[in-house]
2 protein chains.
Amino acid sequence: MSSDASPAPAKTPVTLREVAASAGVSVATASKALNGQGRMTAETRARIRETAQRLGFRPNSLAQSLLRRRSFTVGLLTNDTYGRFSLPLMSGVSDALVDAGVSVFLCNVEDDTRLAQLHVEAMLDKRVDGIIATGKRIDRHLPVDLANLRIPVIYAFTQPDPGAIAFVSDDAGGARLAVEHFCRLGKKRIAHVSGPSGFAVVHARAQAYRDVLIERGLPVIEPLLGAWSEAWGHEAVGKLFGAKAGREGAPDAVFCGNDQIARGVIDALRERGIGVPDDVGVIGFDNWEIVAEATRPPLSSVDMNLAALGREAGLALLSLVGGKPAEPGIRKLPCRLVVRQSCGRPPGG
Amino acid sequence: MSSDASPAPAKTPVTLREVAASAGVSVATASKALNGQGRMTAETRARIRETAQRLGFRPNSLAQSLLRRRSFTVGLLTNDTYGRFSLPLMSGVSDALVDAGVSVFLCNVEDDTRLAQLHVEAMLDKRVDGIIATGKRIDRHLPVDLANLRIPVIYAFTQPDPGAIAFVSDDAGGARLAVEHFCRLGKKRIAHVSGPSGFAVVHARAQAYRDVLIERGLPVIEPLLGAWSEAWGHEAVGKLFGAKAGREGAPDAVFCGNDQIARGVIDALRERGIGVPDDVGVIGFDNWEIVAEATRPPLSSVDMNLAALGREAGLALLSLVGGKPAEPGIRKLPCRLVVRQSCGRPPGG
DNA sequence: TCCCTCTGAGAAAACCTTTTCCCAAATCGC
DNA sequence: GCGATTTGGGAAAAGGTTTTCTCAGAGGGA
C-alpha cells in the first residue's frame, strides 16, 4: 500500500520541491538532474528522474515562462468567421509550433475594432511571444494596428503593415498554373471570370492570365470581373456565351477566380446544354474541397497551400522570437493545381 | 524632455516595482492601490494610479497566474479541419470568455491520437483552467481521453464521456421546426432525406419528423437515409419522385438532413422541371450561410445556433472553474428556423 | 501625561522554477 | 603528507505579483 505505483490522479499538480524531497536532494539538484544540467553522479540523476516519473512531475510552465521571459505561446488573430481560410492556415501554424512546445491563442475578431483591441491586449498581458495576423482575404487589413508592439508580428494571407514580414500565396503563379494547364490540354479560347476589381489579387491573376495567352499566341478575352459568388459565375456565362446559338468564337475553357464562381459557371453551362468538361473546361481557385468535390463534375482548382503557408509563417515567427533578424517584405509561396474532372483530359489521353 | 508624457513603446514592459519606485511607495502599497485593496489615503491611491497610467503599466499575467493558480486560459480541442462547425462555436466561446479576461488556445488535432495527446499535455503544462472539447459531428469521439484530468471539461457539439457535461443542439426540436413550418404552409406530403444511419442525430430528427406528421394526421413517408452529400440529395430525388411522370402521390415538400443534401435535392428537382418552392418546398439543416444563400432559390434552413451553444459552454466552464458545482448531463439548446425562399410562402400570403 | 485604538504603509512570504555562486569533501600531483 | 584541483551538491537570488503580518505614528479618552 505504501508503494502504490499507480499514477493516482493527484488533485494538485506535483511540484519540483516534492520531487526533490522525495528523492532526498535539494530543488536545485532536482532541477539540474531533470534538465541535464550541472554535475552529479549518474546514480543521483537517475534516481531523481525516476522519482519525477513516478510522481508524474510536470514542470509548471507558468513559472518557467516567468523566469525565461518567454511564454511559449503565440497569438493568431483572424477575422474569418467561418474559418474557411484561417483554419487550414492555423493548422499549419500549429503544426510548425507544437514541436517547439508552443501553443496558439486563436482570436476571431470579426471586423470589430474594439474586440480586436481587447484581444490584442489580453494576449500582450499574457506575454505571448509573437503574433500572427491573418484574415479571410489577402487585401483587407485587420481592424487593429499591430505596428509598434515590441513583440514580433508576422502577417499571413492578409494585408501587412509596411515594413512587416508577410507570407502570401503566389496568385499570379497559381493563375499561370491553371491557364497553362488549359493550354496543354489544347484549349484555344480561354476565358477568365473573377471577383471584384477592388481586390489586388484579382488584377494579379488577370495579368498572369493575359501573359500566358500572349506568350502562347492565343486570343485574350478581356477578364470579366464581378463578385466572389455563384450568382456572378452564372451571370458571366450569359455574357461569355451570349445569345447566339452557334459556338463559333465562344470559349472552350473558363478559369474562375474562386470555386464558387466556378460552380456558378458550371451550373449555367449545364443549363445551356454545354458539356463540362467535353465542350468547355473549367478550373476554379481556392480548392475548397467540400465544394470542389461536390461539384458535378468534380472541380479542378488551384490550391493556395494554406497549411504550408501557415507552417512557414509559424517557423518564421519562431525564428524571430529566437532573436534571428529577418528581412521585412512579402514572401510569395507557390500554389498547386489540383486536377479533378472539370478541366478535361489531355487530347488523345 | 524629462516630462515626456507620450507612452513610448518601451522595449521591456514596465513592472510594478518601477511604478512603486516612481510613485515613492513600496510594491505592496502599489499593488493594493491598483487593485482597490488595503487602506491608504485617497491621495496616495490616486497618485499611484496616475503613475501606473503614465508609465503604461500592465500587470504581468504570468506572475498573477502563478500566484493565483489560475491562468485565465482555456483550451479548445477540435478535429474539424475546415472549422465549419467549430469556428462559429469558438466565436461563441471566445465571446463568453473575453470579458472575463480569459483567452482560448485552439488545437486542431484532426483524428490523430498522438497529436491530441501532445496538445492536451501542452495545455495542461500551461495550466489551462479548463478544456472545451468539440468536433465536426456530434456523434464522434475525439481521439483522446479527457475523463480524469483534474481540470473541468465541457463537451460542446461532440460526443461526451459518460458523467460529463455536454451542450448539444436540440436536433429533434430543430426537425420539428422545419416540419411544422411545412405544415403551416399547407404542405400535405412531406418527405425527409437525411445522412447516414450511423448517426444518432439522423434518427432523432427522423423520429421528430414522424411525430409531427402523425400528430397532424399527415402521411409519413419513410425517411431516406444515405450520406451527407449533394450527390445523395440528387439520388434521393430519383427515389422520391420515381420514373412516373404524374405528380400524384409525389412529395410537395422535402426536409433535408443538411444543406448539402438540400442543394442536391434542389438541383435534381430543377433538372426534372419541378419548381422550387412552387411545386415542392425544401428546407435544409445547419444553415451554412455561404451555401444556403448561394442556392437558387436561397435555402431555408435550420440553424443550430452554434455561437450561442459555444457561449453557453464557455459560461458553464467559467462557472465550473469558479468552483460552482454542476450536474453532469447533456443540455440541449434550441435550434432556429431561418426562412429564405426555398420553402415557399404561406397560402394566400 | 499615559494608555489604547486606529490608520497608513511597508516587510516578507508565497507561487515554482532556473541558474549562479559557493562550499565541503574527495582526488590528484609531488 | 600537503597544497591544488576536481567533484557533488546546496543556498540563494531572480522573475513579478498578491496577501498577510507587522509596525510606527497619530489621535482619542481618562
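Letters go in sequence order (proteins before strands), and every chain restarts at 1.
The only member of B:Val74, B:Ile131, B:Leu149 that meets side-chain contact (heavy atoms from CB on, under 4.5 Å) when paired with B:Met123 is B:Ile131.
For D:dT18, the OP1/OP2 oxygens have a side-chain nitrogen or oxygen of B:Ser31 closer than 4.0 Å. Distances shown here put every side-chain N or O of A:Gln37 at or beyond 4.0 Å from the OP1 or OP2 atom of C:dT19. Distances shown here put a side-chain N or O of A:Asn35 below 4.0 Å from the OP1 or OP2 atom of C:dT18.
Across every non-hydrogen atom of A:Leu62 and A:Asn60, the tightest pair is N-OD1, 2.8 Å. Across all their heavy atoms, B:Gln64 and B:Pro59 have their closest contact at NE2-CB, 3.5 Å.
The CG-P distance, from B:Asp125 to C:dT17, rounds to 11 Å in whole Å. Distance, B:Asn60 CG to D:dG16 C1': 6 Å, rounded to whole Å. Between the C1' atom of D:dT17 and the CZ atom of A:Arg69 lies a distance of 14 Å, rounded to the nearest Å. B:Arg70 has its CZ atom 16 Å from the C1' atom of D:dT18, to the nearest Å. Between B:Arg17 atom CZ and D:dG15 atom C1' there is a gap of 9 Å when expressed in whole angstrom units. In this structure, A:Glu18 places its CD atom 15 Å from P of C:dA14, rounding to the nearest Å. The nearest whole Å value for the distance from the CG atom in B:Leu62 to the C1' atom in D:dT17 is 11 Å. Atom CZ in B:Arg68 sits roughly 9 Å away from atom C1' in D:dT17 (whole-Å rounding).
For B:Glu50, the CD atom is densely surrounded, since the number of other residues' heavy atoms within 6.0 Å is greater than 12.
Here the nucleotide nearest the side chain of B:Leu67, chosen from C:dC15, D:dG15, C:dC16, is C:dC15. Counting only heavy atoms from C-beta on, A:Leu16 has its side chain closest to C:dT18 among C:dT18, D:dT18, C:dC15.
At least one donor-acceptor pair closer than 3.5 Å links the side chain of B:Arg49 to the backbone N or O of B:Ala33.
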Pick out the pairs of N or O atoms, protein on one side and nucleotides 5-12 of chain C on the other, that lie under 3.5 Å.
residue : atom : partner : partner atom : Å
C:dA9   : OP1  : B:Thr44 : OG1          : 2.9
C:dA9   : OP2  : B:Thr41 : N            : 3.2
C:dA9   : OP2  : B:Thr44 : OG1          : 3.4
C:dG10  : OP2  : B:Ser26 : N            : 3.0
C:dG10  : OP2  : B:Ser26 : OG           : 3.1
C:dG10  : OP2  : B:Thr29 : OG1          : 2.5
C:dG10  : O6   : B:Lys32 : NZ           : 2.9

Begin with the C-alpha distance, continue with both residues' side-chain angles, and end with the deciding distance and a verdict on side chain to side chain contact (heavy atoms under 4.5 Å, CB included) for A:Asn79 and A:Thr158.
CA-CA 10 Å; A:Asn79 62 353; A:Thr158 193; 5.9 Å; no

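Aromatic ring orientation, B:Phe105 versus A:Phe105: parallel (interplanar angle below 30°, classes split at 30° and 60°).
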